[in-house]
Amino acid sequence: MMRAWLLPLSFVLCGSVVAAGLASEGSSLGAVAALLLFVLIAGVNSPLVFPRSIGAVEAQRLGAADGRPVVFWRPGCTYCLRLRFRLGRRARQLHWVNIWRDPAGAAAVRAANEGDETVPTVVVGGQPHVNPDPAWVCEQLSRSA
């Protein structure tokens with residue numbers, strides 16, 4: 001759990017240091033702006049941006065039952081963020097697995113990627129697809145509905 005929050009906490013800590021430096025120079029408005037920017041970046045890189053993650057075993061079972069894709073992701077991954085934002089509200093229809101919180105999910109990704117934990121890995125119909133185009137994922141989601 002802590003590993004998922006390490007990057008966002010690092011952004012908040014760095015923002016606090018930058019804001020303190022600006023405040024000590026007398027730029028309170030700059031300090032507030034810098035801190036808000038770093039908090040925003042931390043929020044985007046936190047697990048809060050993504051739909052609720054479930055375990056890999058449950059996600060694969062649900063994906064097989066309803067035909068919806070399973071997305072293996074991790075916090076801080078820019079490609080995962082791109083996929084999440086491009087999917088918009090439709091992202092909630094997918095089954096999301098945070099590989100940093102679920103060892104079975106990390107193992108599934110390594111098995112699909114020759115030992116690498118490359119994300120996002122999207123599994124559709126039992127076939128893994130590494131860093132697919134978000135439009136393709138939307139198309140797969142439309143087919144499962």
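Keep in mind that this is a model prediction, so the values were computed, not measured.
Remark: R92 engages no residue in a side-chain hydrogen bond (donor to acceptor under 3.5 Å, both in side chains) (not counting sequence neighbours). Every residue meeting the side-chain hydrogen bond (donor to acceptor under 3.5 Å, both in side chains) condition with N113, not counting sequence neighbours, appears here in chain and number order: T121. Contacts of N131 classified as side-chain hydrogen bond (donor to acceptor under 3.5 Å, both in side chains), with partners at least two apart in sequence or in another chain: R82. Partners of V17 according to the side chain to side chain contact (heavy atoms under 4.5 Å, CB included) rule, which considers only residues two or more places apart in sequence or in another chain, do not exist here.
Put simply, the side chain of L83 reaches to within 4.5 Å of the side chain of V122, judged on heavy atoms. Here the side chains of W136 and V124 are in contact, with some heavy-atom distance below 4.5 Å. Looking at heavy atoms from C-beta onward, S16 lies in side-chain contact with V12 at the 4.5 angstrom threshold. Annotation: side chain of P128 is in contact with side chain of V123 (closest heavy-atom distance under 4.5 Å).
Between the CG atom in N98 and the CH2 atom in W73 there is a gap of 4.5 Å [rounded to 0.5 Å]. In this structure, the separation between CG on L7 and SG on C77 is 11.0 Å, given to the nearest 0.5 Å. Taken to the nearest 0.5 Å, the CD1 atom of I99 stands 8.0 Å off from the CZ atom of R110.
In this structure, Y79 stands alone, with no Ile, Leu, Val, Met, Phe, Trp or Tyr side-chain heavy atom under 4.5 Å from its own, directly or through other members. In the hydrophobic clustering, where aliphatic and aromatic side chains (Ile, Leu, Val, Met, Phe, Trp, Tyr) are joined below 4.5 Å either directly or transitively, I54 groups with L62.
By the criterion of side-chain heavy atoms lying less than 4.5 angstrom apart, applied directly or through intervening Ile, Leu, Val, Met, Phe, Trp or Tyr residues, L141 is grouped together with V137 in one hydrophobic cluster. Cluster membership check: W5 does not share its hydrophobic cluster with V39, using side-chain heavy-atom separations under 4.5 Å among Ile, Leu, Val, Met, Phe, Trp and Tyr. Neither V32 nor L40 shares a network with the other; the hydrophobic side chains, linked directly or stepwise wherever heavy atoms of I, L, V, M, F, W or Y lie under 4.5 Å apart, form separate groups for each. Side-chain heavy atoms closer than 4.5 Å link hydrophobic residues (I, L, V, M, F, W, Y) into clusters, and following such links, even through other members, never connects F72 to V130.
The two residues A34 and L22 have their closest heavy-atom pair at CB-CD1, 3.9 Å. Closest heavy-atom contact between C138 and R90: O-NH1, 3.7 Å. Here the shortest heavy-atom pairing between V109 and V119 reads CG1-CG1, 4.4 Å. Closest non-hydrogen pair, P103 versus R101, comes out as CD-O, 3.8 Å. Among all heavy-atom pairs drawn from A31 and A23, the shortest one is CB-N, 3.9 Å.
Looking at R68, its side chain never comes within 3.5 Å of a backbone N or O of H95 through a donor-acceptor pair.
Ring geometry, F11 versus F38: the interplanar angle falls from 30° to 60°, so the pair is classed tilted.
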